[in-house]
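Below is one structure, written out as structure tokens; comments come after it.
Keep in mind that the numbers below use all heavy atoms, side chains included, and drop hydrogens, waters and symmetry copies. Quick note on labels: first sequence line is chain A, next is B, and so on, each numbered from 1.
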Protein chains: 2
Amino acid sequence: MSHMGYGCLMAVDRDHVLRSAAALLTRKSTATMDEVAKAAGISRATLHRQFAGRDALVRALEALGIAECEAALEAARPDDGPAGDAVRRLVARIEPHAPLLAFLYSENQLFEGEELNEGWTRIDERIAALFRRGQSSGEFRIDLTPAWLTEALYGLLASGAWAVAEGRVAPRDFTHMVTELLLGGVRRPDAPAHPDTPARRTDDRERRADA
Amino acid sequence: MSHMGYGCLMAVDRDHVLRSAAALLTRKSTATMDEVAKAAGISRATLHRQFAGRDALVRALEALGIAECEAALEAARPDDGPAGDAVRRLVARIEPHAPLLAFLYSENQLFEGEELNEGWTRIDERIAALFRRGQSSGEFRIDLTPAWLTEALYGLLASGAWAVAEGRVAPRDFTHMVTELLLGGVRRPDAPAHPDTPARRTDDRERRADA
DNA sequence: CTTGAATGAGACATGAATGTCTCACATGGG
DNA sequence: CCCATGTGAGACATTCATGTCTCATTCAAG
């Protein structure tokens, strides 16, 4: 009798399949169950034994994404210190899972009628609370609603993951690009009021990566 | 002989079908050809006569999106005045087509292997040039690459369209939310003062790393 | 060695969307 | 009036992903 074969081996395999599926579906969201199985190194039958159908697989990936988001949220300590720093910590923690997030983000749009997993609403609420905290402390501007900022964070994470996958952004710049744009925006803090006037010194101390 | 029946009526119908398809596929990206036809008020046969297959329809929608993006880009005069104002004009012009853009943006990820329509690269280049101009004039910060800013703009437009569709953001706030977040970021430009007051002397070097 | 369980390979049926076809009808021009 | 064109309705075959099934094989425990 498999006194531990089921409780241990299955769980390990299941996690490995889940990771492989996430890595594949991130790149090709329309991958076949056959391709998913092949990517995981198992047969389609075994895949179907662990996840009863594509829907169950996507749900499991959703649960994985939710769990990892909550873990990142936990590790980021969103209630400690300046809200801006908390946002930085959060993005840095979520970064490794951004591709999966992007996949789930686009997949959620297909769940149009069906009920949304409550895990997302909890995460949304926690992130929105972080932005709300920053607004209350006077650190963040108040003309952008927390709900929009949360949605924008998801959008920037998805865009960043996509840009990295396309090779338009270096992977190591991901966190910096996302956090700096989200927190500081593209406008220069001390930008000249009229750029038509004699231009300031072109301050090239920072790295210049564009072509 | 249909001396004008083909040149005029067909064109009008085709445009109407295209708009209906855009409106429907925006909400339900997996809509059937049958649903698309019904939404346009025509039969599936007629739809298939005008667009030989779903692929052709998506391509036509892509061409429509490209044309509207270029028209918006043209109307926004990206080379006139402060780059920040040009970005505002651009977002305001693109706003009506943001849902279509979001659809195409997510659809492009399925064109994995196939070649990307050159129209997008032209638009990408023009938008990147706008950001580059802002950087050259000292108006924009230079540690965020124009390619990333372009991608981020797409992401924010898609997120904004999605947030509006979900009811999380009021439609009339769309342009403000997107432009203000993109240009100014979420951080308040100054200490507890009016969030809309222009930044004057916030010279924090924002180099602080994660704790 | 024997046995049971999990696996891989593959056949098979199902359902859905698509593409193609025919035919009847309406309408507008000659 | 007659005819041509566009259209709607629907039947039909095709393709593809999916879900289910069987069977042989492998592997580890007893």
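- With A/Ser20 contributing its side chain and A/His16 its backbone, the two residues share a donor-acceptor pair below 3.5 Å.
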Pairs: protein N or O with nucleotides 19-21 of chain C N or O, under 3.5 Å:
from: C/dG19; atom 1: OP2; to: B/Arg54; atom 2: N; distance (Å): 3.4
from: C/dG19; atom 1: N7; to: B/Arg44; atom 2: NH1; distance (Å): 3.2
from: C/dG19; atom 1: O6; to: B/Arg44; atom 2: NH2; distance (Å): 3.0

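- Pairs passing the salt bridge (charged side-chain N to carboxylate O under 4.0 Å, His left out) check and including a residue from residues 66-75 of chain B, sequence neighbours excluded, read B/Arg19-B/Glu68, B/Glu70-B/Arg122, B/Glu74-B/Arg126.
- Straight-line distance from the CG atom of A/Asp34 to the P atom of C/dA9: 10 Å, rounded to whole Å.
- Phosphate proximity of D/dA9 to B/Ser43: absent, as no side-chain N or O sits under 4.0 Å from OP1 or OP2.
- With rounding to whole Å, B/Leu47 atom CG is found 15 Å from D/dG6 atom C1'.
- The CD atom of A/Gln50 sits 15 Å away from the P atom of D/dG19 (whole-angstrom rounding).
- Classified by interplanar angle (parallel below 30°, tilted 30° to 60°, perpendicular above 60°), the ring pair A/Tyr154/A/Trp120 is perpendicular.
- Whole-Å rounding puts the B/Asp13 CG to C/dT27 P distance at 15 Å.
- Atom CG of B/Leu57 is separated from atom P of C/dT18 by 10 Å (rounded to the nearest Å).
- Among the nucleotides C/dT18, D/dT18, C/dT7, the one closest to any side-chain atom of A/Thr32 is D/dT18.
- Side-chain contact between B/Trp148 and A/Leu181: present, with at least one pair of heavy atoms (C-beta onward) separated by less than 4.5 Å.
- In terms of modelled atom types and a separation under 3.5 Å, the side chain of A/Arg93 and the main chain of A/Cys69 share no donor-acceptor contact.
- At distances below 3.5 Å, at least one donor-acceptor pair connects side-chain atoms of A/Ser136 with backbone N or O atoms of A/Arg132.
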